[in-house]
Amino acid sequence: MFEGILPRFGVTTTYIDGTQIENFERAILPNTTLIYLESPNSWDYKLQDLKAVAELARSEGIVTMIDNSYCTPLYQRPIAMGIDLAMQTATKYIGGHSDTVGGVLSGSTEMIGKIFRSEFLNTGSGVMPFNAWLLLRGLRTLPVRLERISQTTRKVAAWLKAHPRVEAILFPFDESFPQYELARQQMQGACGLLSFYVHARERSEIVTFCESLKHIMMAVSWGGHESLIMPKCASFKDSEFDASVKEHRMLRLYTGLEDADYLIRDLEQAFLTAW
Ligand SMILES: *Cc1c(COP(=O)(O)O)cnc(C)c1O
């Protein structure tokens, strides 16, 4: 959207490191109309201080919008913190069963009314009745699924953190997380997505690890019932892999609704196969 479509309408985008509020202050231009956030983001979970950004944006007359997919509306309430528009993929936690796609945009009646009458009626897409029914069904069990996933994830995260093959984990509610305090302040919970860095010399070791998992599938997306894994190096060639770059040894794990010990056993046997 920011790179391919908006420039055709004369809209330009400035990207910043959103972990520091000063970076927002410095990047605001006379024609800035929107600050678009994603907190936590979906690989390294960097946070933006939502109250501080909302306050700054209000004082400059700028609209704020957040992708709130990681937390869901149950674990983070951006509008209560002053953000104008909250966007949520319903494909992930709200649907919860990896069988439908959808999205939700929330905001004031005035803002949503304007978007509905113009952008939505002209270029938006309507959700099919069957998909809407699946989303409503998913929504009914969202609180219990999130509670279960949070517990399982904490257990799996602690196990990974203690594993000798794991250099570090990245998870907003882990005390080692760089923005742990902020995460605790503005999020009521952390979900099933975490990342970890393994000690590896070759890309093939990481490939063997992922392919040896019997129950955890290698796939993008998350938020459904089944656990998934995605290594950062999936998009590189063997020759591009550089073990001295920490990012290259990063894997993202999504914890679904399975039993924690069942997932740990699967990870354990894959570690033993790969190394
Ligand atoms: C998956 C994802 C989306 C897009 O969701 P779809 O419903 O699959 O289009 C948007 N934001 C984040 C952070 C995501 O992880």
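Counting starts at 1 for both ligands and their atoms, in listed order.
- Relative ring orientation between F209 and F196 is described as perpendicular, the plane-to-plane angle rising above 60° on a 0-90° scale split at 30° and 60°.
- Those atoms of ligand 1 with a heavy atom of G102 less than 4.0 angstrom away are 7 (O).
- Under the 4.0 angstrom criterion, atom 5 (O) of ligand 1 counts as having a protein heavy-atom contact.
- The shortest N or O to N or O distance between S42 and ligand 1 is not under 3.5 Å.
- Within the listing of ligand 1, atoms 11 (N), 12 (C), 13 (C) sit less than 4.0 angstrom from a heavy atom of S69.
- Set against the non-hydrogen atoms of E38, the atoms of ligand 1 under 4.0 Å away are 13 (C).
- Classified by interplanar angle (parallel below 30°, tilted 30° to 60°, perpendicular above 60°), the ring pair F171/F173 is perpendicular.
- Residue I35 comes nearest to L37 through the heavy atom pair CG2-CD2, 3.7 Å, listed as atom of the first residue, atom of the second, then distance.
- Note on ring orientation: taking the six-membered ring where Trp is involved, the planes of F2 and Y15 are perpendicular (angle over 60°, cut-offs 30° and 60°).
- Taking K46 as the reference, D44 meet the salt bridge (Lys or Arg N to Asp or Glu O under 4.0 Å) condition, with sequence neighbours excluded.
- In this structure, atom 10 (C) of ligand 1 lies nearest to the protein heavy atom D67 OD2, 3.4 Å.
- With a heavy-atom cut-off of 4.0 Å, W222 touches ligand 1 through its side chain alone.
- Within ligand 1, the atoms closer than 4.0 Å to a non-hydrogen atom of T91 are 6 (P), 7 (O), 8 (O), numbered from 1 in the order shown.
- Residue contacts with ligand 1: A90 is excluded, as none of its non-hydrogen atoms falls under 4.0 Å.
- Looking from atom 2 (C) of ligand 1 to the surrounding protein, the closest heavy atom is K92 NZ, 2.2 Å.
- The existence of a salt bridge linking K214 and D266 is excluded, since no basic side-chain nitrogen approaches an acidic carboxylate oxygen closer than 4.0 Å.
- The nearest pair of heavy atoms linking K114 to E119 is O-OE1, 3.9 Å.
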